[in-house]
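What follows is one structure encoded as structure tokens, with my remarks underneath.
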Amino acid sequence: MSFIGAGHQGQTYAPGWFLVNNEDCTRLTRTIPQSLATTAADGTKYVKMGTVFPANGATAEGIVYEDVDVTSGNMPGSVVTKGEVYEDRLAVELDNAAKTALVALGFKFVTSVPAVTRPY
């Protein structure tokens, strides 16, 4: 069960906020384990959007698309399995082994969000 706007992070972002193009990615449903969870002050447990799945290492298969509430145990959630990603928007710093594994699966990484320029 995923959710937006529950106030658990202090900030609310749209699903896939870390993607360069939200429409140009591949997502699959995976079982999100409670072991990846962060516990909020109120005791709820959730896996943050942008978390490397299933681990931030050589076994990386994708990136969690949106926050997933795992308070009651493992839950299904959407995992991006291919796409272009802003590296600085991920939940944690990407491990080199994870980056190598994800690039091999078709991911492309952009190091930072481009600056917005506005005409005068």
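Count residues from 1 along the sequence. No hydrogens, no waters, no symmetry mates; every other heavy atom, side chains included, goes into these values.
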Q: Could you pull out all residues at least two apart from Ser35 that satisfy side-chain contact (heavy atoms from CB on, under 4.5 Å)?
A: Pro33
Q. Who pairs with Thr59 by side-chain contact (heavy atoms from CB on, under 4.5 Å), at least two apart in sequence or on another chain?
A. Pro54, Ala55
Q. Crowded around Asn96 CG? As in, over 12 foreign heavy atoms under 6.0 Å?
A. no
I'd like to know if the side chain of [X] and the backbone of [Y] have a donor-acceptor N/O pair within less than 3.5 Å.
{"X": "Arg30", "Y": "Gly77", "answer": "no"}
{"X": "Asn56", "Y": "Asp95", "answer": "yes"}
{"X": "Gln34", "Y": "Asn74", "answer": "no"}
{"X": "Glu84", "Y": "Phe109", "answer": "no"}

Using 0.5 Å steps for rounding, measure from the [atom1] atom of [X] to the [atom2] atom of [Y].
{"X": "Phe53", "Y": "Thr31", "atom1": "CZ", "atom2": "OG1", "value": "7.0 Å"}
{"X": "Lys45", "Y": "Thr38", "atom1": "NZ", "atom2": "OG1", "value": "11.0 Å"}
{"X": "Asp67", "Y": "Trp17", "atom1": "CG", "atom2": "CH2", "value": "12.0 Å"}

Q) Excluding sequence neighbours, so at least two apart, what forms side-chain hydrogen bond (donor to acceptor under 3.5 Å, both in side chains) with Glu87? A)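 So Glu87 forms a side-chain hydrogen bond (donor to acceptor under 3.5 Å, both in side chains) with Lys99.
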Q: May I ask you to test the Val64-Ile32 pair for a side-chain heavy-atom distance under 4.5 Å?
A: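 In short, these two side chains touch, coming nearer than 4.5 Å.
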